[in-house]
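Computation of the quantities below employed the complete heavy-atom set of this structure, encompassing side-chain atoms and omitting hydrogens, waters and symmetry-equivalent molecules.
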Amino acid sequence: MNETPAKPATVDAYIAGFPPDVQEILRTIQATVRQALPEADEKISYGMPAFAQHGMVIYYAAFQKHIGIYPPVKGDAKLQTDIARYRGPKGNLQLPLSEPIPYDLIARIAIARLHENLERKAMKKK
């Protein structure tokens, strides 16, 4: 009988499931987003680590050759230019593991996504 591995219940359990070099990248992403969004709640959502503040802000996941960043990012023209080379299917970002991970860009994305959530929340109040 084939058993499907259980989805991790915590971010730490998710990260622990990867080789040490990928764990280091995931922990640095975690710390980067925590620093950028100190009030955000961290959780597992859709089987991936995620941060929420006024709605879901950012998800990240490790794959064989890249780190995925979700959901698609909107924002200012400079941010769009800076993330263009990482765009994958449906606008989600794919950061190759064969290159340095742009942690500063991940922080900017998290902040931009929080602003999107706050704008959406303000529009609903009108």
query = Are I58 and V22 co-members of a hydrophobic cluster defined by side-chain heavy atoms under 4.5 Å apart?
reply = yes

key: Test applied, side chain to side chain contact (heavy atoms under 4.5 Å, CB included); reference residue, V57; option that passes from L37, V33, I109   = L37

ask   = When rounded to the nearest 0.5 angstrom, what is the spacing between CD in E99 and CD1 in I67?
value = 12.5 Å

key: Worked check of side chain to side chain contact (heavy atoms under 4.5 Å, CB included) between E42 and F51   = CA-CA 5 Å; E42 190 174 12; F51 283 86; 3.7 Å; yes

query = In terms of the angle between their ring planes, are Y46 and Y59 parallel, tilted or perpendicular, with boundaries placed at 30° and 60°?
reply = tilted

message = Is there a path of hydrophobic side-chain contacts, each under 4.5 Å between heavy atoms of I/L/V/M/F/W/Y residues, joining M56 to M48?
response = yes

query = To the nearest 0.5 Å, how far apart are CD in Q53 and CD1 in I111?
reply = 10.5 Å

ask   = What distance do I106 atom CD1 and Y60 atom OH have between them, rounded to the nearest 0.5 Å?
value = 9.5 Å

Separation of K43 NZ from T10 OG1 (nearest 0.5 Å) = 14.5 Å

Considering all heavy atoms, the nearest K7-G47 contact = CD-CA, 4.2 Å

key: I101: which of T32, L26, I25 passes side chain to side chain contact (heavy atoms under 4.5 Å, CB included)   = I25

inquiry  = Check the orientation of F63 and H66. Use parallel for under 30°, tilted for 30 to 60°, and perpendicular for over 60°.
reply    = parallel

task = Tell me whether L114 is reachable from Y103 by hopping between hydrophobic residues (I, L, V, M, F, W, Y) whose side-chain heavy atoms are closer than 4.5 Å.
result = yes

message = How long is the straight-line distance from OH of Y14 back to CD of Q23, given to the nearest 0.5 Å?
response = 11.5 Å

Y86 and L105: CA distance, side-chain angles, deciding distance, side chain to side chain contact (heavy atoms under 4.5 Å, CB included) verdict = CA-CA 11 Å; Y86 301 111; L105 186 59; 3.7 Å; yes

inquiry  = The test is side chain to side chain contact (heavy atoms under 4.5 Å, CB included); show your working for I69 and N92 and say whether it passes.
reply    = CA-CA 6 Å; I69 302 289; N92 298 316; over 6 Å; no

request  = Grab the two heavy atoms, one from Q30 and one from V11, that are nearest each other, plus how far apart they are.
outcome  = NE2-CG1, 3.4 Å

message = I'd like to know if R27 and E24 make a salt bridge, using a cut-off of under 4.0 Å between side-chain N and carboxylate O.
response = no

query = Atom CG in L95, atom CZ in R85: separation rounded to 0.5 Å?
reply = 9.0 Å

message = Between R108 and D104, does any NZ, NE, NH1 or NH2 come within less than 4.0 Å of an OD or OE carboxylate oxygen?
response = no

key: Q80 and R87, any side-chain heavy atoms less than 4.5 Å apart   = yes

